[in-house]
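Report on the following structure.
Order of appearance sets the numbers: ligands from 1, and atoms from 1 within every ligand.
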Amino acid sequence: MTETNGKIALVTGGSRGIGRSIAERLAKEGFYVVINYVSNESAAKDVLSAIENAGGKGQIAPFDVSDFDATQKAVEDIVEELGGLHILINNAGITHDTLMLRMKEEDWTNVISVNLNGVFNCTKAVTRIMIKQRYGRIINLTSVVGEMGNSGQTNYAASKAGIIGFTKAAAREMASRSITVNAVSPGFIETDITMALTDEIRKSYIEKIPLGRFGSPKDITGVVAFLTSDEASYITGEVVRVNGGIYT
Ligand code: NAP
């Protein structure tokens with residue numbers, strides 16, 4: 001049994017990929033982990049089982065982060081049931097890649113709604129309880145693509161660049177209440193998102209990565225765990241790159 005630290009962490013998009021890895025790691029650190037997902041209940045239950053089998057604790061929480069009202073209600077319910085919320089990992093994200101010439105308005109709107117509005121919706125939802133607690137850690141998953149751009153990803157790059165501005169502004173707003181807000185910026189990581197790339201595109205990316213490989217979700221979780229720790233209490237408004245050296 002893992003010794004709990006009495007703190008509650010909400011991981012959006014915790015059912016798969018990087019979010020799953022973060023959820024499992026935070027549970028190992030002793031957090032009670034709320035695993036959010038939008039549609040894939042069996043994957044979320046699988047993460048919860050893995051956490052419980054490793055001696056940790058948590059629960060699943062389905063809601064669509066792009067839906068403002070549903071998100072406020074879901075977070076209210078979590079806080080009422082569990083009595084607090086200390087860590088928010090804004091990880092849920094999607095891609096709808098295509099060149100701008102072919103990009104439909106809905107490709108743009110959907111990606112901005114989930115990736116950027118989702119970060120606002122979740123952060124807004126936790127602000128009241130974190131201010132009351134005079135404690136909180138918010139970690140937003142941005143992307144190397146938001147920093148350097150990428151052909152076929154204008155929607156995704158805009159959403160991820162927006163997260164960086166949001167992180168810096170929110171960090172300034174919330175610092176006086178001992179709430180830190182940081183971003184982690186992964187490069188290309190082996191998950192369902194990058195599995196969708198053709199072998200040719202994967203090869204062309206790998207050639208550009210100085211460390212010569214895609215990252216694994218576990219390459220991200222250590223940084224996230226550190227940012228939730230007491231040792232990181234003087235870090236806020238920061239963007240930590242974990243990208244194999246592709247953009248420095
Ligand atoms: P992934 O494997 O595709 O998983 C996406 C997760 O987000 C799933 O848990 C999914 O839930 C959830 N999700 C999607 N839309 C949602 C919504 N509207 N509401 C709530 N949850 C939603 O993605 P990933 O590759 O791990 O990426 C995680 C984060 O890291 C994203 O923000 C992504 O942009 C960022 N990132 C990834 C990479 C990479 O190379 N993989 C690089 C840089 C940044 P369901 O299971 O229910 O669908």
Is ligand 1 less than 4.0 angstrom away from at least one heavy atom of S39?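 Per 4.0 Å heavy-atom rule, S39 contacts ligand 1.
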Would a 4.5 Å heavy-atom cut-off, applied to side chains only, mark [X] and [Y] as touching?
X    : Y    : value
R177 : K132 : no
I89  : L26  : yes
M103 : W108 : yes
M195 : R202 : yes

How many angstroms lie between atom CD1 of I129 and atom CD of E80, to the nearest 0.5 angstrom?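 If we round to the nearest 0.5 Å, I129:CD1 and E80:CD are 11.0 Å apart.
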Atom CD1 in I139, atom CG in N91: separation rounded to 0.5 Å?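 These two atoms lie 11.0 Å from each other.
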Show which atoms of ligand 1 fall inside a sub-4.0 Å distance from at least one heavy-atom site of [X].
X    : value
D64  : 17 (C), 18 (N), 19 (N)
I94  : 14 (C), 15 (N)
G17  : 2 (O), 26 (O)
G187 : 38 (C), 40 (O), 42 (C), 43 (C)
T142 : 43 (C), 44 (C)
N91  : 28 (C), 29 (C), 30 (O), 31 (C), 32 (O)
F63  : 19 (N), 20 (C)

Side chain, backbone, both or neither: [X] near ligand 1, heavy atoms under 4.0 Å:
X    : result
V114 : side chain
N36  : side chain
K160 : side chain
T194 : side chain
F214 : neither
T191 : side chain

[X]/[Y] ion pair, N-O < 4.0 Å:
X    : Y    : result
K73  : D67  : no
K218 : E190 : no
R20  : D46  : yes

Close N or O approach (P186, ligand 1; < 3.5 Å):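 No, since none of the N or O atoms of P186 sits under 3.5 Å from an N or O of ligand 1.
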Please confirm whether G13 comes within less than 3.5 Å of ligand 1 when only nitrogen or oxygen atoms on both sides are compared.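 N/O-N/O distance under 3.5 Å: yes.
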Filter on side-chain hydrogen bond (donor to acceptor under 3.5 Å, both in side chains), then keep only pairs touching residues 224-247, sequence neighbours left out; what's left?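 The answer is E147-R241.
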Can K208 be said to sit on top of F188's aromatic six-ring, NZ or CZ under 6.0 Å from centre and within 45° of the ring axis?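 No; the conditions do not both hold, so K208 does not lie above the ring face of F188.
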Report the C-alpha separation of T98 and D107 in whole Å, then their side-chain angles, then the decisive distance to 0.1 Å, and conclude whether the side chain to side chain contact (heavy atoms under 4.5 Å, CB included) test is met. CA-CA 8 Å; T98 188; D107 295 324; 4.0 Å; yes
Nearest heavy atom to [atom] wins, so pick from [options].
atom                    : options         : answer
atom 36 (N) of ligand 1 : F188, Y37, Y156 : Y156
atom 13 (N) of ligand 1 : A196, S21, A92  : A92
atom 11 (O) of ligand 1 : S15, C122, P217 : S15

Just need the protein heavy atom nearest to [atom], so name the residue and atom and give the distance.
atom                    : value
atom 19 (N) of ligand 1 : V65 N, 3.1 Å
atom 3 (O) of ligand 1  : I193 CG1, 3.4 Å
atom 10 (C) of ligand 1 : R16 NH2, 3.7 Å
atom 40 (O) of ligand 1 : I189 N, 2.8 Å
atom 16 (C) of ligand 1 : V38 CG1, 3.6 Å
atom 37 (C) of ligand 1 : I18 CD1, 3.7 Å
atom 5 (C) of ligand 1  : G93 O, 3.8 Å

Check whether I138 and L227 end up in the same hydrophobic cluster, where Ile, Leu, Val, Met, Phe, Trp and Tyr are linked by side-chain heavy atoms less than 4.5 Å apart.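 No; L227 is not reachable from I138 via cluster members.
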Tell me the closest heavy-atom pair linking V111 and T95, and the distance in Å.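 Taking V111 first and T95 second, the nearest heavy atoms are CG2-C, 4.1 Å.
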Is a side-chain donor or acceptor of N36 paired with a backbone partner of G13 at a separation under 3.5 angstrom?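 Flag set: sc N36 to bb G13 pair under 3.5 Å.
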